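Everything quoted here is computed from the prediction, not taken from an experiment. All values below were derived from every heavy atom in this structure, side-chain atoms included, with hydrogens, water molecules and symmetry-related copies excluded. Residue numbers start at 1 and run along the sequence shown.
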Amino acid sequence: MAAVPSVSNSITVRLEVPARGNAVSQITTSVESSGGTVTGLDVTASGLEALRIDVTIAAVSVAHAEEIVEKLRTIEGISIGKVSDRTFLMHLGGKIEMSSKLPIRNRDDLSMIYTPGVARVCMAIAENPDDARRLTIKRNSVAVVTDGSAVLGLGNIGPKAALPVMEGKAALFKRFAGIDAWPICLDTQDSDEIVAIVKAIAPGFAGINLEDISAPRCFEIEARLREALDIPVFHDDQHGTAIVVLAALMNALQVVGKHIGDVRVVMSGAGAAGTAILKLLMAAGVQHATVADVKGVVHLGRDDLNDSLRWIAENTNRSNRTGSLKEAVHGADVFIGVSAPNVLDGDDIAAMADDAIVFALANPDPEVDPAVARQTAAVVATGRSDFPNQINNVLVFPGVFRGLLDAQSRTVNTEMMLAASRALAGTVGADELNANYIIPSVFHPDVAKTVAAAVREAAHEAGSAQAPAVTETGAIPVVHG
């Protein structure tokens with residue numbers, strides 16, 4: 001699949017050029033002939049003899065950006081000043097901050113926000129710990145916890161290198177759901193230590209979002225924390241992905257006129273995301289599923305099955321298929337990939353059933369070239385933003401946590417996740433639904449609130465929500481004369 005220039009690899013180049021002549025057209029020609037795209041050209045200073053121009057350029061990669069700059073250096077009469085990577089500029093000093101909701105203008109404000117007035121609030125919570133949800137930031141706070149072991153497909157890069165991702169996650173929580181999220185990057189990859197640390201910090205949060213923790217440890221960590229804590233624990237790499245995939249599949253099946261209980265689904269990837277997707281699809285009614293990993297189809301005859309793979313083998317592949325992914329996908333109605341680039345080709349997709357559905361979600365390079373898959377498949381989705389039908393977790397986790405926090409839920413379960421999928425799928429109206437629009441944009445104004453409402457209702461129906469909170473005034477002691 002040919003790469004295209006992207007804003008994620010954009011740079012701004014400061015140039016000094018002659019005030020007269022065709023220098024500007026030479027710049028744009030040089031960039032475009034090098035495969036880049038000029039997205040902005042700003043004159044930042046002007047004199048009789050020279051102009052200072054900031055040129056913003058989208059490139060394919062860092063190496064490609066460097067090639068473009070070197071070609072610009074060859075233009076006669078042009079001198080190059082500072083070259084800035086726009087993505088790095090956006091991260092300078094971090095992407096989030098803490099700010100006070102109340103002004104501290106004078107001694108009165110200080111006395112109520114802090115000492116001595118705050119002591120009475122502390123004692124109220126000591127007498128009734130549930131008041132922490134009403135009288136502190138706990139009610140709207142989520143911890144985004146990672147150990148840096150499986151970051152964005154980059155692998156085990158550690159907690160410091162994971163911090164930019166966790167900051168970004170926190171920014172998305174705030175942007176799409178008004179939730180205060182805090183990056184917690186742990187300098188340990190010991191499961192016992194992670195569980196102990198999260199248990200110890202849990203009093204300050206109303207929910208835990210586990211992020212970028214490698215399989216199979218993530219399964220154990222999540223299960224133990226759910227057992228130990230009275231707040232919801234949600235591993236977004238597993239369950240966020242699963243909810244979006246199911247929502248997209250619901251709508252894709254409508255497009256091709258097939259029923260979820262009848263289709264044969266083949267999955268590539270048996271890690272955290274793949275296992276969670278599989279379990280949620282089965283809960284939604286999928287009856288015929290086969291899973292392949294790097295060693296081929298998962299079946300009971302394999303001698304390398306860990307606990308997770310054994311569960312897959314025992315609960316899928318009813319016909320006991322063996323062999324490769326390419327063999328398994330032959331005749332399948334649905335392919336879902338959360339694995340590695342280019343494991344399938346156009347011939348494999350053409351060998352699927354009529355009106356096939358292909359979700360190739362490996363990022364940045366999918367399991368099959370989407371352009372090639374679209375030649376024979378009826379519906380194609382990817383994890384990329386430069387193709388239709390982007391499967392993106394940001395469609396889910398803000399709304400899910402907004403619903404959980406609003407319900408003061410103590411857990412998150414399969415029914416809540418199914419409700420989130422149905423709500424997300426429902427944001428695409430019947431008059432909008434087509435092969436190129438099975439899932440809404442992450443900026444769709446109704447997504448987060450619709451998902452939140454569905455999760456909140458499911459939490460109350462499941463009985464996992466606490467009793468409705470009293471009104472704000474009801475939580476405040478009132479002295480009657």
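You'll find the side chain of D345 stays beyond 4.5 Å of the side chain of V372, heavy atoms only. Two residues are said to be in side-chain contact when any heavy atoms from C-beta on lie closer than 4.5 Å; I179 and L405 meet this criterion. Counting only heavy atoms from C-beta outward, the side chains of I438 and V379 approach each other to under 4.5 Å.
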Trace of the side chain to side chain donor-acceptor pair (under 3.5 Å) decision for D262 with Q287: CA-CA 7 Å; D262 299 329; Q287 299 292 316; over 6 Å; no
Derivation of the side chain to side chain donor-acceptor pair (under 3.5 Å) call for N209 and E211: CA-CA 6 Å; N209 182 79; E211 189 76 19; 3.1 Å; yes
R86/S8 under side chain to side chain donor-acceptor pair (under 3.5 Å): CA gap, chis, key distance, verdict: CA-CA 8 Å; R86 297 177 66 220; S8 64; over 6 Å; no
Evaluation steps, side-chain contact (heavy atoms from CB on, under 4.5 Å), between T382 and N389: CA-CA 6 Å; T382 73; N389 300 326; over 6 Å; no
Derivation and outcome, side chain to side chain donor-acceptor pair (under 3.5 Å), residues S33 and K71: CA-CA 10 Å; S33 66; K71 189 166 184 179; 2.9 Å; yes
Stepwise salt bridge (Lys or Arg N to Asp or Glu O under 4.0 Å) check, R217 with D190: CA-CA 9 Å; R217 293 179 309 114; D190 179 89; over 6 Å; no
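Residue R422 holds its CZ atom at 14.0 Å from OG1 of T450, rounded to the nearest 0.5 Å. Expressed to the nearest 0.5 Å, how far CZ of R310 lies from CG of N315 amounts to 12.0 Å.
Environment of CG in D307: sparse, with no more than 12 heavy atoms of neighbouring residues, nucleotides or ligands closer than 6.0 Å. Taking a 6.0 Å sphere around CG of D192, one finds it holds more than 12 heavy atoms contributed by other residues, nucleotides or ligands. Within a 6.0 Å radius of NZ in K295, other residues, nucleotides and ligands contribute 12 heavy atoms or fewer. Within 6.0 Å of the NE2 atom in H330, the count of heavy atoms belonging to other residues, nucleotides or ligands does not exceed 12. More than 12 heavy-atom neighbours from other residues, nucleotides or ligands sit within 6.0 angstrom of CG on D304.
Between S441 and V447 the shortest heavy-atom distance is O-CG2, 4.0 Å. V24 and L41 make their closest contact through CG1-CD1, 3.8 Å (heavy atoms, listed as atom of the first residue, atom of the second, distance). In terms of heavy-atom proximity, P183 sits nearest to M166 at CB-CB, 3.6 Å. Across I80 and R73, no two heavy atoms sit closer than the pair CD1-CG, 3.4 Å.
In this structure, the ring of F443 has its center less than 6.0 angstrom from the ring center of F176. In this structure, F173 has its ring center closer than 6.0 angstrom to the ring center of F401.
A salt bridge is defined here as a Lys NZ or Arg NE, NH1 or NH2 lying under 4.0 Å from an Asp or Glu carboxylate O, and R14 with D42 fails to meet this definition.
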